[in-house]
Structures are given as C-alpha cells and as structure tokens.
Amino acid sequence: DGGITQSPKYLFRKEGQNVTLSCEQNLNHDAMYWYRQDPGQGLRLIYYSQIVNDFQKGDIAEGYSVSREKKESFPLTVTSAQKNPTAFYLCATKGGSWDGYTFGSGTRLTVV
Amino acid sequence: QQQVKQSPQSLIVQKGGISIINCAYENTAFDYFPWYQQFPGKGPALLIAIRPDVSEKKEGRFTISFNKSAKQFSLHIMDSQPGDSATYFCAASMRGSRLTFGEGTQLTVNP
C-alpha cells in the first residue's frame with residue numbers, strides 16, 4: 001500500500017528541547033516538503049527537498065532543520081530556537097512535474 | 001507575484017445548495033491549479049486540478065472554472081452535503097516547481 005507515514009500522530013515536548021518528526025514515503029517520489037499549519041491558518045512551507053542530499057529553505061525555516069539521506073525519508077527537527085513550535089506539521093511528496101502533492105496525516109506537536 | 005488569494009475565508013451553505021470558492025493569482029507563468037480538501041486533524045487531499053488549456057473541469061459534484069484572462073479560478077460544489085464540510089485550499093504552480101497555496105476556506109454545510 002503506497003503512501004506517506006508521519007509519526008507520531010501526537011507529540012508533547014517541554015520547552016527548550018529539540019524534537020524530530022518522522023516522514024517516510026514508499027511512493028518513490030523525488031520531492032518532499034514540510035509544512036506548518038496553525039489553527040484556522042493556511043499552509044506555510046518550512047523546508048523542501050527535490051533530490052536526495054539536497055534541500056532548500058521555505059518561507060519559515062528559522063528554528064527548523066532537515067536532512068535527506070534517503071529518498072524515502074525526510075525528517076524534520078524542531079529546535080529550541082523555534083519560538084512558537086506548537087502546531088500541526090504536514091509532510092508531502094510530489095511525483096512528476098504535473099503531479100499534485102500527496103500529504104501525510106500530520107503530526108500535532110505541543111510544547112509545554 | 002507568487003501569491004494566490006482565496007475567498008471567502010469561511011462559507012456556510014444549506015444542504016443541497018451550491019458552494020463557490022474563488023481564487024486569484026498574479027503570476028501568469030502558473031500552469032497547474034489544484035484544489036485540496038482537508039478534514040479536521042487530517043492532511044489535505046487532492047480533490048481536482050486543472051491546467052490553463054481548458055476553461056472548466058468537472059468531477060462528480062465538483063467543478064473547477066478557470067478564467068485565464070482574469071487570472072481567476074473557482075471551485076463549485078453542487079448539491080452540497082454535510083459531509084463536504086471541510087477546509088478547502090486552492091493552489092498554483094509552474095511546471096516542476098513548488099505549489100503556492102491560498103489561505104483556505106472553511107466550508108460548513110448545514111443539514
């Protein structure tokens with residue numbers, strides 16, 4: 001069954017701790033994306049990667065880091081430098097040039 | 001140049017009515033216009049998409065209307081149902097590039 005797996009679904013962390021969100025895909029898609037969504041808000045791009053071992057900053061990259069060591073995996077680390085990390089985080093992939101995005105089911109991060 | 005402006009922010013429709021959500025863009029190089037549907041606590045899912053070589057695309061109760069000269073496109077949901085209650089996002093991209101999303105429209109269909 002092809003798809004995107006984001007884990008965990010819910011994550012709680014204390015302020016000042018780094019936390020890593022997992023995104024794994026078996027769609028064989030080259031491009032992967034991380035978005036942040038706040039309540040009642042749109043989708044804001046954090047980082048994206050179009051190929052293994054390469055990634056670019058999106059619109060709100062400060063306080064976040066990523067890696068792309070394998071085609072299937074694109075983990076996102078929310079660092080202590082992120083001032084307001086509580087949000088819903090979405091991972092997406094894109095196949096060919098004319099394809100839309102496929103989104104995962106998201107991780108809801110709460111920092112207390 | 002890269003923005004996609006979506007309206008309205010929220011929409012309430014009676015069951016059986018027509019829901020209409022509008023989007024406008026500035027970048028004439030955009031050539032792919034998808035709509036996504038998102039239910040609470042879930043990731044967005046691709047609903048329907050259009051390219052600028054056609055003015056309308058219909059899939060079941062969902063229709064995209066595209067006006068290239070006005071740089072606008074809209075989503076029409078015919079015979080709206082309570083199960084259609086969700087947040088809808090329009091988006092646009094140039095071939096091979098990342099999507100630019102609208103701000104979203106929260107649709108509520110009352111029974």
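Since we're looking at a predicted model, the values are computed, not measured. Order of the sequence lines sets the chain letters (A, B, ...), proteins ahead of strands, with each chain counted from 1.
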If you group Ile, Leu, Val, Met, Phe, Trp and Tyr by side-chain heavy-atom gaps below 4.5 Å, do [X] and [Y] land in one group?
X: A:Ile46; Y: A:Ile4; result: no
X: B:Leu47; Y: B:Leu11; result: yes
X: A:Met32; Y: B:Leu46; result: no

Within 6.0 Å of NZ in A:Lys14, more than 12 heavy atoms from elsewhere: no
A:Lys71 and A:Asp30 ion-paired at < 4.0 Å: yes
A:Tyr47 and A:Phe55 aromatic ring geometry - parallel, tilted or perpendicular at 30°/60° bounds: perpendicular
Parallel, tilted or perpendicular, as decided by the 30° and 60° cut-offs, for the rings of A:Phe103 and A:Tyr35: tilted
Options A:Cys91, A:Ala92, A:Gly42, A:Gly58, ranked by heavy-atom pairs under 4.5 Å with chain B, top entry: A:Gly42
Leading residue by heavy atom contact count with chain B [cutoff under 4.5 Å; candidates A:Arg44, A:Gln41, A:Gln37, A:Arg108]: A:Gln37
Interface residues of residues 78-90 of chain A facing chain B - heavy atom cut-off under 4.5 Å: A:Phe88, A:Leu90
Residue A:Tyr101 versus chain B: region with a heavy atom under 4.5 Å: both
Residue pair B:Glu59, B:Lys57: steps toward the salt bridge (charged side-chain N to carboxylate O under 4.0 Å, His left out) verdict: CA-CA 7 Å; B:Glu59 290 184 2; B:Lys57 183 175 181 180; 3.7 Å; yes
Check: B:Gly17 main-chain N/O paired with B:Ser80 side-chain donor or acceptor under 3.5 Å: yes
Structural part of B:Gln38 lying under 4.5 Å from a heavy atom of chain A: side chain
Contact class of B:Pro34 relative to chain A, heavy atoms under 4.5 angstrom: neither
For B:Ser7, all residues meeting side-chain hydrogen bond (donor to acceptor under 3.5 Å, both in side chains), sequence neighbours excluded: none
Qualifying residue for ring pair (Phe, Tyr, Trp, His ring centres under 6.0 Å) with B:Trp35, from B:Phe73, B:Phe89, B:Phe66: B:Phe73
Per-residue contacts, residues 101-111 of chain B versus chain A, heavy atoms under 4.5 Å: B:Phe101, B:Glu103
ring-ring contact (aromatic ring centres under 6.0 Å, His included) against B:Tyr88, all qualifying residues, sequence neighbours excluded: none
